[in-house]
2 protein chains.
Amino acid sequence: MSKQGKPISEAVVRRLPVYLQVLNDLHVRDVQTVSSQELGRKLDLNPAQIRKDLAYFGEFGRKGVGYDVNYLIEKIRGILKLDQPMKVALAGAGNLGHALCNYSSYVKDNMKITAVFDASPAKIGKRINRLEVLPIELLQEKVREDGIQIGIITVPAAEAQNVADRFIEAGVTGILNFAPVVLKAPDKVRIHYADFTTQLLSLAYYMDKDGTDEHEQMVD
Amino acid sequence: MSKQGKPISEAVVRRLPVYLQVLNDLHVRDVQTVSSQELGRKLDLNPAQIRKDLAYFGEFGRKGVGYDVNYLIEKIRGILKLDQPMKVALAGAGNLGHALCNYSSYVKDNMKITAVFDASPAKIGKRINRLEVLPIELLQEKVREDGIQIGIITVPAAEAQNVADRFIEAGVTGILNFAPVVLKAPDKVRIHYADFTTQLLSLAYYMDKDGTDEHEQMVD
DNA sequence: TAGATTGTTAATCGATTAACAATC
DNA sequence: TAGATTGTTAATCGATTAACAATC
């Protein structure tokens, strides 16, 4: 919700983590203050859009000066609720699952993967980062027990809906889905799609292969 | 470009691979024909939008009947240029890089990872799926030699821009970037972002933690 | 024929950008 | 003060949805 009580558009929320990326980088480089113009350059975004996005949540800048980097980081972290710890579970201990588990930078964002599940007997009992891989049948029980809020799905496409149903039944309100399928879920559960094949295939559209223009006509 | 010669919006192109996902599933289940209404249900999209999206490229349906599943698959594959082989290189042989290399379903989409690069001496020379990991210094040479069109970046954030510059110098026209940074690139190079932390952090915005409504006021 | 569903135009809705008064 | 930059309103642009004639 914005300060005027209007709901915030998805486009705005999607941009906030990217703002945070750039601001964190400025912070590391000890930059104190940044203008919307400078941010726009770094983000490849219109400065007016950045000002408007931020203004939904409050007045974070100083006219004639710009935005205080650290203050803005704290504000955006607050908006995204990254100042509160959040529990995450992962289903699918394959290559991708491993990659996500080992990704450490969640920590500063208060995100913690506290459970990993898999269906394959070969994987159950193995450890990923001190975390024992549990059988998928225990998912609902464990998610309820731990109060897990977000489920990450890295199982094969054919099992994704089943796993999603388990997560939803156990009460998660957010799902990050890496499987190349559209999931069915009640409105109260938010689903973000992170399947990279979709990204890769749409990239293909913009390539002009070997330089041949497919609209070019042969002339003789 | 649409049949009227107008450029196609990014939103439309992003949806096409998802259409393909659902259509492939229908094909596997031997469904011959599907209506925009049925597709809309499966995709969680407005049927009018699906009809409009497809109509940019031609008249693929039959009034009163719907769309022939196989025919539509072929058409969309053609639009996305998946009927022509496309060469892909990957930089960053970490966990995520491994996961992407092992992902086999590119094959049917004519996508082939033909080179893998890494900066770490410990990884150079190792093999991933019969593919030898090459030193990052050889990137430009190899990409030119093989005529690689797309670069996938799975290196740490700090090195992502450098790797992108190498890819661009070597002539790729598409980059799929998994590093959590905004890349600078000339307009002719298309960049798609696949960083999942962004997706995860924006998901946090929609969670209401432990059920407490942050707008609720204490009353005594 | 009657029913269904497309392709397309018009209407609506939403998001981005420009412009500028307020003010640091 | 003069210069810079915000926050916000108005203008523009683009994308989604509704409606319906055409037609299988």
Side-chain angles (χ1 to χ4, degrees), chain A residues 1-16 18-19 22-23 26 31-73 75-76 79 182 202 205, chain B residues 1-16 18-19 22-23 26 31-73 75-76 79 182 202 205:
Chain A
M1 290 292 164
S2 71
K3 52 179 182 168
Q4 301 87 1
K6 291 184 196 118
I8 301 295
S9 87
E10 299 195 19
V12 175
V13 176
R14 260 201 314 272
R15 282 191 290 268
L16 293 179
V18 190
Y19 293 176
V22 169
L23 288 165
L26 289 170
V31 177
Q32 306 296 316
T33 294
V34 68
S35 68
S36 61
Q37 191 162 118
E38 179 64 13
L39 277 176
R41 240 190 318 272
K42 290 189 182 297
L43 289 156
D44 225 336
L45 247 41
N46 185 304
Q49 180 164 70
I50 295 171
R51 294 200 299 278
K52 200 163 203 285
D53 282 358
L54 297 174
Y56 282 117
F57 304 98
E59 306 199 355
F60 301 150
R62 294 220 302 157
K63 291 175 187 177
V65 179
Y67 299 90
D68 181 276
V69 171
N70 291 332
Y71 180 72
L72 194 51
I73 287 173
K75 283 297 176 186
I76 295 180
I79 293 163
V182 182
S202 64
Y205 176 80
Chain B
M1 290 292 163
S2 70
K3 53 179 182 169
Q4 300 87 3
K6 291 185 196 118
I8 300 295
S9 88
E10 299 196 18
V12 175
V13 176
R14 260 201 315 273
R15 282 191 290 268
L16 292 180
V18 191
Y19 292 177
V22 169
L23 288 165
L26 288 170
V31 177
Q32 306 297 316
T33 294
V34 69
S35 67
S36 61
Q37 191 164 119
E38 180 63 16
L39 276 177
R41 240 191 318 270
K42 290 188 181 299
L43 289 156
D44 225 335
L45 249 39
N46 185 304
Q49 179 164 73
I50 295 170
R51 293 200 300 277
K52 200 165 204 285
D53 282 358
L54 297 174
Y56 282 117
F57 303 98
E59 308 200 355
F60 301 151
R62 294 219 303 157
K63 292 176 186 174
V65 179
Y67 299 90
D68 181 277
V69 171
N70 292 332
Y71 180 73
L72 194 51
I73 287 175
K75 282 299 175 184
I76 295 180
I79 293 163
V182 181
S202 65
Y205 176 81

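In the text below, chain A, chain B and the rest are named by the order of the sequence lines, each starting its count at 1.
Separating the CD atom of B:Q37 from the P atom of C:dA4 is a distance of 10 Å, rounded to the nearest angstrom. Rounded to whole Å, atom C1' of C:dT5 lies 14 Å from atom CG of B:L72. When rounded to the nearest whole Å, the span between CG of B:L39 and P of C:dG7 equals 12 Å. Computed from coordinates, the A:I50 CD1 to D:dT8 C1' distance equals 16 Å when rounded to whole Å.
A 4.5 Å side-chain heavy-atom check between B:Y19 and B:L39 finds every atom pair outside the cut-off. Counting heavy atoms from C-beta on, the side chains of B:Y56 and B:V13 never come closer than 4.5 Å.
In this structure, A:L54 and A:F60 approach most closely via the heavy-atom pair O-CE1, 3.8 Å. Taking both residues in full, the closest heavy atoms of A:L23 and A:V69 are given as O-CG1, 3.6 Å, listed atom of the first, atom of the second, then distance. Considering every non-hydrogen atom in both B:Y67 and B:R51, the closest pair reads OH-CG, 3.6 Å.
Counted within 6.0 Å of CD on B:Q37, heavy atoms from surrounding residues, nucleotides or ligands total 12 or fewer; the atom is thus considered open. Atom CZ of A:R62 has 12 or fewer neighbouring heavy atoms from other residues, nucleotides or ligands inside a 6.0 Å radius.
Base-pairing analysis of DNA chain C finds the following stems of at least three consecutive Watson-Crick or G-U pairs, with both pairing distances under 3.5 Å: C:3-24 with D:3-24.
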Which letter, B, S or -, goes with each nucleotide of nucleotides 16-24 of chain C from 5' to 3', with contact meaning a protein heavy atom under 4.0 Å? SBBB--BBB
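Taking only side-chain nitrogens and oxygens, A:S36 never comes nearer than 4.0 Å to OP1 or OP2 of D:dT5.
Note that the CG atom of A:D53 and the CZ atom of A:R14 stand 11.0 Å from one another [nearest 0.5 Å].
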